[in-house]
Trainee: 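The structure that follows is given in the form of structure tokens.
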Amino acid sequence: MVSDERGRSDGARGRCVCGGVEFVVTGELRSVSNCHCDPCRRFTGHHMAATAAAPDNIDFQSETSLTWFRSAPEVEYGFCATCGASLFWRTSSRPDLISICAGSLNPPTGLTTTVALFMDEHGDYHQRDAVDEQVPGDRP
Ligand SMILES: [Zn+2]
Ligand SMILES: [Zn+2]
């Protein structure tokens, strides 16, 4: 889930619903990717619309309820154990990147959605994303 289009962030703020997890992202934010893979669909209840940043660029004001769920040996989803908000995704194969659920950021984000991934696994109720690039699986 890598994109060349990037947004600038001078300190995008994000949080879960209850505020148990609050963070500020500095530096560059990737454009948003919609991931329709089966685990992302089940984790978010629809699809994961995620930007991404370098882990070192995420500064937590609060992470008391941040919990990581390992869905595969190399993959973890981050969520708030109190309010249940979907927040993050990370893989040990890309330690330089952490995906951030775009809806957790305070608007305006200035980000655009550029790609839909794993379209062969999207919910059968789902209308196609209004993006230029639709990929059946992940990027080759
Ligand atoms: Zn919460
Ligand atoms: Zn996914």
Side-chain angles (χ1 to χ4, degrees):
M1 305 208 335
V2 177
S3 171
D4 293 325
E5 286 194 40
R6 291 168 188 278
R8 281 246 325 123
S9 173
D10 297 320
R13 294 181 170 274
R15 65 172 174 83
C16 65
V17 181
C18 75
V21 183
E22 284 187 77
F23 55 93
V24 176
V25 188
T26 53
E28 292 188 331
L29 282 170
R30 192 196 62 199
S31 62
V32 175
S33 300
N34 288 345
C35 186
H36 294 269
C37 81
D38 187 274
C40 283
R41 195 184 71 239
R42 295 179 191 278
F43 176 72
T44 61
H46 185 25
H47 61 75
M48 178 171 280
T51 180
D56 289 348
N57 289 349
I58 301 175
D59 183 32
F60 285 96
Q61 270 67 62
S62 174
E63 53 184 318
T64 53
S65 52
L66 178 59
T67 305
W68 292 94
F69 167 71
R70 180 158 293 177
S71 63
E74 71 284 359
V75 175
E76 288 184 311
Y77 287 93
F79 66 98
C80 174
T82 301
C83 70
S86 310
L87 296 169
F88 303 111
W89 179 94
R90 67 185 178 190
T91 173
S92 56
S93 65
R94 287 297 306 272
D96 58 317
L97 212 61
I98 181 165
S99 291
I100 304 165
C101 291
S104 67
L105 298 175
N106 296 347
T109 67
L111 298 169
T112 55
T113 302
T114 55
V115 61
L117 301 170
F118 288 98
M119 285 302 288
D120 55 356
E121 297 180 27
H122 74 72
D124 58 5
Y125 57 85
H126 176 66
Q127 309 291 309
R128 291 173 69 84
D129 297 280
V131 294
D132 293 336
E133 189 179 4
Q134 313 245 354
V135 186
D138 204 346
R139 288 175 179 280

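Start at 1 and go down the list; that is how both ligands and their atoms are numbered.
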Trainee: Quick one: list whatever passes side chain to side chain contact (heavy atoms under 4.5 Å, CB included) with His36, sequence neighbours left out.
Mentor: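 Applying side chain to side chain contact (heavy atoms under 4.5 Å, CB included) to His36 gives Asn34, His47, Ala116, Met119, His122, His126, Asp129.
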Trainee: Let me have the donor-acceptor pairs involving side chains of residues 70-87, under 3.5 Å, with sequence neighbours excluded, atom names and distances please.
Mentor:
{"residue": "Arg70", "atom": "NH2", "partner": "Glu76", "partner atom": "OE2", "Å": "3.2"}
{"residue": "Glu76", "atom": "OE1", "partner": "Arg90", "partner atom": "NE", "Å": "2.8"}
{"residue": "Glu76", "atom": "OE1", "partner": "Arg90", "partner atom": "NH2", "Å": "2.8"}
{"residue": "Tyr77", "atom": "OH", "partner": "Cys40", "partner atom": "N", "Å": "3.1"}
{"residue": "Ser86", "atom": "OG", "partner": "Phe43", "partner atom": "O", "Å": "3.4"}

Trainee: Kindly state whether the ring of Phe88 and the ring of Phe23 have centres lying under 6.0 angstrom apart.
Mentor: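 Ring-ring flag for Phe88/Phe23: true, centres closer than 6.0 Å.
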Trainee: Check whether any side-chain heavy atom of His46 lies under 4.5 Å from a side-chain heavy atom of Arg41, and answer yes or no.
Mentor: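 No, every pair of side-chain atoms sits at 4.5 Å or beyond.
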Trainee: Less than 4.5 Å apart, side chain to side chain, heavy atoms only: is that true for Ile100 and Leu29?
Mentor: yes
Trainee: Leaving out waters, which are not shown anyway, how many protein N, O or S atoms lie closer than 2.8 Å to the Zn ion (ligand 1)?
Mentor: 4
Trainee: Suppose we screen for salt bridge (charged side-chain N to carboxylate O under 4.0 Å, His left out). Which residues come up paired with Arg13, at least two apart in sequence or across chains?
Mentor: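 Checked Arg13 against salt bridge (charged side-chain N to carboxylate O under 4.0 Å, His left out); zero matches.
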Trainee: Work out the angle at the Zn ion (ligand 2) between SG of Cys37 and SG of Cys40, rounded to 10°.
Mentor: 110°
